[in-house]
Undergrad: 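Encoded as structure tokens, here's the structure I'll be asking about.
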Amino acid sequence: MDTAHRLIAAVSTALLAVAMPAVATARESTPSEEEAVEEAPWPPENTHGQFLPLPEEALQPITVPACGTEVTVSIGENDETVHRVWVTDTGDTVIELRGKASFDLMRASDGATLDEVELDGAAFQTISADGTTVTFDQFGPGLLMSETEESAALSAGAGLPEDFLFLDGRFTATVTFDPETLDEAGFPAVVSAEITENITEYVFDVCDLLDQAAAGEQPDLPEPSDQAG
């Protein structure tokens, strides 16, 4: 998954422990890596507080391991997502996404599909000045997919499904990287990942929802206010 895909994945779908490593630019890069940075710079450029549409590269479908197979997440017909980027006085880079968007999820093993799942919760990602720490802050409704065993264990440890939708509340996680150690994909290895806040409400297991879709029932996700009474 390239950096552009990781942008939309981590913020719009808040992939745990799969942060886009800004530290990649702080270590020596091969020519191919330098070319990739030119195609999809990370962190993205400072917009000085101005909201801009997401780049086209960030709107492409992403496929992640999930539900014993793979699940592809695509932007649906309704996409009004915008982003802005700014740098704090301490040098941290903050990316904010907001706006209404819908997503389609398809499971590879049986073609089960969730159509036009609406997600309009704001999301923030903060990259430390040295590029070794990334904090994800997702407000509901949001979608969180665990791409790695570490992130799946993180969700399980919090009593959450590995892959889930939440309609209300807030989810915050912090991931720390080691810029000197690369994983199999060539990205800095994850040193630690911690859920720092979990007040998610109306949580639905993505795999259960896809099972319903496979049985011919398109899940009707209620609004939080519908369940409050």
Undergrad: Under the side chain to side chain contact (heavy atoms under 4.5 Å, CB included) test, which residues partner Thr90, sequence neighbours left out?
TA: Thr88, Asp92

Undergrad: So, do Thr135 and Gln125 sit near enough that their side-chain heavy atoms are less than 4.5 Å apart?
TA: no

Undergrad: Test side chain to side chain contact (heavy atoms under 4.5 Å, CB included) on Leu143 and Leu105 and set out the steps.
TA: CA-CA 11 Å; Leu143 168 67; Leu105 289 80; 4.1 Å; yes

Undergrad: Rounded at 0.5 Å granularity, tell me how far CZ in Phe103 sits from CD in Glu118.
TA: 11.0 Å

Undergrad: Mind checking side chain to side chain donor-acceptor pair (under 3.5 Å) for Asp104 and listing every partner two or more places apart, or none if nothing turns up?
TA: none

Undergrad: Scan Val94, Val134, Ile95, Thr133 and name whichever one has a side-chain contact (heavy atoms from CB on, under 4.5 Å) with Thr126.
TA: Val94

Undergrad: Which residues pass the salt bridge (Lys or Arg N to Asp or Glu O under 4.0 Å) test with Asp120, sequence neighbours left out?
TA: none

Undergrad: Salt bridge (Lys or Arg N to Asp or Glu O under 4.0 Å) with Arg107: which residues, sequence neighbours excluded?
TA: Asp110, Asp211

Undergrad: To the closest 0.5 Å, what do you measure between CD1 (Ile75) and CD (Glu116)?
TA: 10.0 Å

Undergrad: Rounded to the nearest 0.5 Å, what's the gap from OG1 on Thr47 to CZ on Arg84? Could you check?
TA: 7.5 Å

Undergrad: Applying side chain to side chain contact (heavy atoms under 4.5 Å, CB included), can you list everything that pairs with Pro65, at least two apart in sequence or on another chain?
TA: Glu147

Undergrad: How is the hydrophobic cluster of Val82 composed, in terms of its other members, when Ile, Leu, Val, Met, Phe, Trp and Tyr link through side-chain heavy atoms under 4.5 Å apart, directly or indirectly?
TA: Phe51

Undergrad: Please determine, by modelled atom types, if Asp115 and Thr113 share a side-chain donor-acceptor pair under 3.5 angstrom.
TA: no

Undergrad: Looking at Asp163 and Cys67, what are the two nearest heavy atoms and their distance?
TA: OD2-N, 4.1 Å

Undergrad: Could you pull out the closest heavy-atom pair between Pro161 and Ser155, with the gap in Å?
TA: O-CB, 3.4 Å

Undergrad: Fit a plane to each ring of Phe171 and Phe164, take the angle between them on a 0 to 90° scale, and name the class: parallel (under 30°), tilted (30 to 60°) or perpendicular (over 60°).
TA: perpendicular

Undergrad: What donor-acceptor contacts under 3.5 angstrom involve side-chain atoms of residues 188-198, with partners at least two apart or in another chain?
TA:
from, atom 1, to, atom 2, distance (Å)
Thr196, OG1, Thr172, O, 3.4
Asn198, OD1, Thr200, N, 3.3
Asn198, OD1, Thr200, OG1, 2.7

Undergrad: Looking only at heavy atoms, what is the nearest atom pair of Glu162 and Ala152, with distance?
TA: CD-CB, 3.7 Å

Undergrad: Working to the nearest 0.5 Å, report the span between CG of Leu154 and CG of Leu160.
TA: 9.0 Å

Undergrad: Verify the cluster assignment for Met106 and Val71: are they in a single hydrophobic cluster under the rule of side-chain heavy atoms below 4.5 Å apart?
TA: no

Undergrad: Output all residues satisfying salt bridge (Lys or Arg N to Asp or Glu O under 4.0 Å) with Asp137, sequence neighbours left out; order by chain, then residue number.
TA: Arg170

Undergrad: Restricting to non-hydrogen atoms, name the atom on Met145 and the atom on Ala66 that form the minimum distance, rounded to 0.1 Å.
TA: CE-CB, 3.9 Å

Undergrad: Would Thr81 and Arg98 satisfy side chain to side chain contact (heavy atoms under 4.5 Å, CB included), going step by step from the backbone distance to the final call?
TA: CA-CA 6 Å; Thr81 307; Arg98 64 168 58 180; over 6 Å; no

Undergrad: Could you work out, with side chain to side chain donor-acceptor pair (under 3.5 Å) as the rule, every residue matching Thr69, not counting sequence neighbours?
TA: none

Undergrad: Report the distance from atom CD of Gln50 to atom CH2 of Trp86, rounding to the nearest 0.5 Å.
TA: 14.0 Å

